[in-house]
Protein chains: 2
Amino acid sequence: MEKKSVETQENILIAARTIFAQKGLAGARMQEIADCAGINKALLHYYYRNKEKLFEQVFDEALKKMLRPIVAFLADNSDLFQKIRNICRHYHEVLVEYPFLPNFVINEINSDPTRILKLFDVEGFLEGREKTIIQINEAVKSGIIRPIDPRELILNIISLSIFPFAGRPVIKEILYKNENIYEILKERADRVSDFIIQSIKI
Amino acid sequence: MEKKSVETQENILIAARTIFAQKGLAGARMQEIADCAGINKALLHYYYRNKEKLFEQVFDEALKKMLRPIVAFLADNSDLFQKIRNICRHYHEVLVEYPFLPNFVINEINSDPTRILKLFDVEGFLEGREKTIIQINEAVKSGIIRPIDPRELILNIISLSIFPFAGRPVIKEILYKNENIYEILKERADRVSDFIIQSIKI
DNA sequence: TTTTATTTTAACCAAATGGTTAAAAAATGA
DNA sequence: TCATTTTTTAACCATTTGGTTAAAATAAAA
């Protein structure tokens, strides 16, 4: 007997992701997570010693999911325009599936800034960043794109990719009321990269 | 004796803004708000009946501050490019002063979506939106800007203006470590509008 | 069938927290 | 000085919540 156990633990994780993403660490209730997983509180504590441990696991997953597209972008060996198309698609793919991610991660870092230290773990990040900054500067020098600070370009790419998901409830209300915002956001990936490329290309 | 009373109530509001913005409704503690305001819990409850009332007041203020630049943009009678410059400056002004605002508003709407109903209150919004959508469509027709869905343009403007503040702790860590990110963001307003205008102008 | 692992039940505990109360103290204005 | 308002003190209450425990029940593996 081991199958049932694994399944239960997976149900707990799924429930924890849902509740923590919606209510945050402080707002989430262990009872609610147990209910959502279809088990009782005793069993929940049997598998995950306490709320913090459970949260940490969920948060780490989420942080990784949020950083992966950036890290992949920085490491990507394609030419600049293709790299931009790739990261936009990558982010839209992840965020259509997990739209709560940006809010969740940003918010928990906000309420406990020491959690930001986990950003250091990502390997290949610093080299990738240097490589990409050089690539952008050279694209400027060789007249492929207009002058722009590389970090600002990266910031713009990230902003355009992530914010519509983070601000989704408000965005839907003021711009896309009565429409399926996920469909709209899903189709947006390539238009976002076009918007960016249009802005920088000469 | 009335001056002291008013001052105390203002101190409470300032404290409540700080604590609620950092920890949210669920994470904030009345004791912490009292400490931050330099008073005791009894006095806090003397002026604000309960946590929810206090929160509501703080949240409504915050929501208004977040929506004002959009509403002003939609009502602005300038030409399109100038309107874009205006909203970017407007947002950067507000958010340099209150960087916690976007997260706070988005997050509390997230954890209680019924709060979104307060968006309806804003007057002149629907007319302004129609007017601006027509303005953008006509700029496309008359060949001033490339073809773009008006709502998508608005979404891009908002994303580029707000996200860097919302994601500030992470952005600082991965792009602007050891630098003063507020200085960087403050100066960004005009570069953001240039980035947008560059992308759409023919 | 026996053994082992999983799950439930249900009662329980300690700490944190929102909120109250009443009386004393301090500050203020007239 | 006197009356009024503001503030503190400090004890207290009810509820929520994270977490525990031990025994019974259920399910699976051997």
Side-chain angles (χ1 to χ4, degrees), chain A residues 1-62 104 107-108 110-112 114-115, chain B residues 1-62 104 107-108 110-112 114-115:
Chain A
M1 191 172 185
E2 200 176 291
K3 222 188 262 177
K4 219 39 197 309
S5 162
V6 172
E7 200 184 312
T8 299
Q9 291 181 59
E10 186 50 36
N11 284 340
I12 292 176
L13 279 181
I14 292 170
R17 279 180 209 124
T18 309
I19 306 295
F20 280 135
Q22 263 173 48
K23 317 232 171 152
L25 171 59
R29 300 285 155 244
M30 292 300 268
Q31 185 60 62
E32 202 180 353
I33 293 174
D35 291 348
C36 180
I39 57 166
N40 53 51
K41 212 173 56 162
L43 193 59
L44 175 56
H45 279 100
Y46 173 76
Y47 283 116
Y48 294 89
R49 200 194 305 260
N50 58 44
K51 197 184 177 184
E52 270 65 35
K53 295 266 176 222
L54 182 55
F55 175 81
E56 215 171 296
Q57 189 163 335
V58 170
F59 178 77
D60 287 359
E61 271 181 22
F104 176 55
N107 220 51
E108 296 303 331
N110 220 320
S111 81
D112 178 5
T114 67
R115 277 199 262 275
Chain B
M1 189 168 188
E2 203 176 288
K3 222 188 261 174
K4 221 38 203 301
S5 162
V6 172
E7 200 186 311
T8 299
Q9 290 178 60
E10 185 51 36
N11 283 340
I12 292 176
L13 279 180
I14 292 170
R17 280 181 208 122
T18 309
I19 306 295
F20 280 135
Q22 264 173 47
K23 318 234 172 151
L25 172 59
R29 300 285 157 241
M30 291 300 268
Q31 186 60 60
E32 202 179 355
I33 293 174
D35 292 349
C36 180
I39 56 166
N40 53 51
K41 212 174 55 164
L43 193 60
L44 175 56
H45 280 99
Y46 172 76
Y47 283 116
Y48 293 88
R49 200 195 306 260
N50 58 45
K51 196 183 177 184
E52 269 67 35
K53 295 267 175 219
L54 182 55
F55 174 82
E56 217 171 294
Q57 190 164 334
V58 169
F59 178 77
D60 287 0
E61 273 180 20
F104 176 55
N107 219 50
E108 295 303 330
N110 220 321
S111 82
D112 178 4
T114 68
R115 278 200 261 271

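Lettering follows sequence order; numbering is per chain, from 1. Everything quoted here is computed from the prediction, not taken from an experiment.
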**Message:** Please determine whether a side-chain nitrogen or oxygen atom of A/Y47 lies at a distance below 4.0 Å from atom OP1 or OP2 of C/dT7.
**Reply:** yes

**Request:** Indicate whether OP1 or OP2 belonging to D/dT20 is found under 4.0 Å from a side-chain N or O atom of A/H45.
**Result:** no

**Prompt:** Are any of A/Y46's side-chain N or O atoms less than 4.0 Å away from OP1 or OP2 of C/dT7?
**Reply:** no

**Asked** So, does the side chain of B/K51 form a donor-acceptor pair with the base of C/dG19 at under 3.5 Å?
**Response** no

**Message:** Is it the case that the ring center of B/F20 lies less than 6.0 angstrom away from the ring center of B/F55?
**Reply:** yes

**Prompt:** What's the CD-P distance between A/E52 and C/dA16, to the nearest Å?
**Reply:** 13 Å

**Asked** Taking only residues two or more places apart in sequence, or in another chain, which ones meet B/E61 in a salt bridge (charged side-chain N to carboxylate O under 4.0 Å, His left out)?
**Response** B/R17

**Asked** Does a side-chain N or O from B/T8 land closer than 4.0 Å to OP1 or OP2 of D/dT6, or not?
**Response** no

**Asked** Closest nucleotide of DNA chain C for B/A42 versus for A/N40: which of these residues is on the 5' side?
**Response** A/N40

**Message:** Counting the atoms with a prime plus P, OP1 and OP2 as sugar-phosphate, which does A/A26 contact under 4.0 Å by heavy atoms, base, sugar-phosphate, or nothing?
**Reply:** nothing

**Request:** Return the value, rounded to whole Å, for the distance between atom NZ of B/K41 and atom P of D/dT7.
**Result:** 18 Å

**Prompt:** Could you state the CG-C1' distance from A/L43 to C/dT8, rounded to the nearest angstrom?
**Reply:** 8 Å

**Message:** Side-chain N or O of B/N50 versus OP1/OP2 of C/dG18: is the shortest distance under 4.0 Å?
**Reply:** no

**Message:** Let me spell it out: for each of A/M30 and B/I39, pick the nucleotide of DNA chain D with the closest heavy atom. Which residue's pick is nearer the 5' end?
**Reply:** B/I39

**Request:** Compare side-chain N and O positions of B/R49 against OP1 and OP2 of C/dG19 and report whether any pair is under 4.0 Å apart.
**Result:** no

**Candidate list A/L13, A/L54, A/T8, test side chain to side chain contact (heavy atoms under 4.5 Å, CB included), partner A/Y47, passing option** = A/T8

